[in-house]
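Notes to accompany the following structure.
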Amino acid sequence: MTESVHVRAPGKINLALRVGAPDSTGYHPLTTVFQAVDLYEDVTATRTGASDGELTLSVVGRGAAAVPTDATNLAVRAAELLRETTGATAGAHLEIVKRVPVGGGMGGGSADAAAALLACDQLWGLGLDRAELVALGGQLGADVPFALTGLTAVGTGRGDVVTSAMSSGTYHWVLATQARGTPTPTVFAEFDELGGRTAAPPELDDDLLAALRAGDPLQLARHLANDLEEAALELRPELADVLAATDRAGALAAVVSGSGPTVAALCIDASHAQSVASVLRAAQVADDVLTVTAPTHGARVLEHVQRED
Ligand code: C5P
């Protein structure tokens, strides 16, 4: 019998990212507002005949060549963690279809881990509930819990403590992406180098959350913020050209997403997004320019196939 579970998990952008001083583990306490965008990672977990419980991985799609396919891959680590936690011994083959830019500050690897947790839980019939999966996700990486929950949320702690936030309507974004990613630890290290902080992260701007509740992109545009932006610009000076180009293209506002280098430009509606995207493409400041909408759902099962061979 062939059995497989197909899960889809979203990439994210950070509408606000406020960062504090690192703790004794080197992690930075932060306060962030996540929004899940309709650019998805697909993970299919297939039961293998292997009696040794082997976990194998293949990766296709955008930036796949840059993704490790060995045990260091976050999706494989997710499946391993699930087995260690539950005592399951079965193997699986994971196939990842990437669409979220690799190393782009959009949580693509975290989406893979979230999808792998959900897919393997179903495939192996473990029956963990969402809260248990979210707790495991937090052990894998700061952005994994949000990839499970999706929509719009406030993240605290390392970003892994996720509380859903109210949001009305649909937001239209243009994403300017770069083929070469920036490693997240390097950007946090640069943040510290540039002076960082000596205390807890600043409070979130209440007006940002009010704008989301009202579904008002003009209001939201005034409150986009990223404490890592200066560090990302220091490491990738070309991002200043991208930000300037989004301004010239008439976007409402733009912000570096997470640790970058993706720049997210907020637009008023779908046709505005198309026009901003075409000006950005013509400006040739990014390797790719995409339009996305948000918020969208967290990791969910699309298909569970059981077929007699
Ligand atoms: O949790 P995740 O694996 O995504 O984090 C990658 C790296 O980013 C961490 O090893 C750490 O260097 C940095 N980081 C941080 N503070 C956070 C989240 C990530 O310093 N809140």
Side-chain angles (χ1 to χ4, degrees), residues 9-36 41 43 63 66-68 70-82 96 98 100-117 133-150 153-163 181-204 225-232 234-236 256-262 298-299:
K12 58 82 186 171
I13 52 180
N14 301 81
L15 308 185
L17 178 57
R18 312 309 310 262
V19 180
D23 63 21
S24 56
T25 67
Y27 265 88
H28 295 70
L30 53 85
T31 315
T32 188
V33 179
F34 294 112
Q35 202 176 51
E41 300 280 284
V43 175
V67 178
D70 60 10
T72 63
N73 186 289
L74 204 53
V76 175
R77 286 173 45 207
E80 278 292 10
L81 179 63
L82 199 55
I96 301 178
K98 294 208 69 70
V100 178
V102 174
M106 291 188 62
S110 301
D112 298 342
L117 281 175
L133 293 176
V134 165
L136 291 181
Q139 293 179 44
L140 291 161
D143 293 335
V144 182
F146 177 71
L148 284 161
T149 57
V154 174
T156 55
R158 300 170 166 188
D160 57 326
V161 182
V162 170
T163 313
T182 359
T184 305
T186 312
V187 181
F188 274 101
E190 184 66 25
F191 170 81
D192 293 335
E193 190 79 13
L194 288 170
R197 278 222 168 70
T198 51
E203 296 278 304
L204 275 183
N226 183 355
D227 285 349
L228 294 181
E229 192 160 289
E230 192 190 347
E234 195 67 36
L235 294 165
R236 303 290 293 266
V256 171
S257 178
S259 53
T262 300

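Indexing begins at 1, ligand by ligand and atom by atom, following the structure's order. This is a predicted model, so every value here is computed, not measured. The figures here come from the full heavy-atom set of this structure, side chains too, leaving out hydrogens, waters and symmetry mates.
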Close side-chain approach of R236 to V256, heavy-atom, < 4.5 Å: no
Closest approach of any protein heavy atom to atom 8 (O) of ligand 1, naming residue and atom: T184 CG2, 3.3 Å
Per-atom contacts, ligand 1 versus G141 - under 4.0 Å to a heavy atom: 1 (O)
Nearest-contact summary for atom 7 (C) of ligand 1 - protein heavy atom, Å: P185 CG, 3.8 Å
Distance-minimising heavy-atom pair for A111 and A9: O-CB, 3.5 Å
Ligand 1 contact by G26, heavy-atom criterion under 4.0 angstrom: yes
Test item: R18 side-chain N/O and A200 main-chain N/O as donor-acceptor pair under 3.5 Å: no
Atom 4 (O) of ligand 1: the protein heavy-atom neighbour that sits closest, reported with distance to 0.1 Å: A142 N, 3.8 Å
Nearest protein heavy atom with distance in Å, relative to atom 5 (O) of ligand 1: Y27 OH, 3.6 Å
Contact with ligand 1 for L30, non-hydrogen, under 4.0 angstrom: yes
Distance from atom 21 (N) of ligand 1 to nearest protein heavy atom, with residue and atom: H28 O, 2.7 Å
Residue of the set L17, T32, V154, L15 for which side-chain contact (heavy atoms from CB on, under 4.5 Å) holds with L204: V154
Residue R158 vicinity, atoms of ligand 1 by number, heavy atom under 4.0 Å: 17 (C), 18 (C), 21 (N)
pair P201-D227: side-chain heavy atoms closer than 4.5 Å: no
Distance from atom 13 (C) of ligand 1 to nearest protein heavy atom, with residue and atom: F188 CD1, 3.4 Å
Y27 side chain near D160 side chain, heavy-atom distance below 4.5 Å: no
Rounded distance (nearest 0.5 Å) linking atom CG of L228 with atom OG1 of T182: 10.5 Å
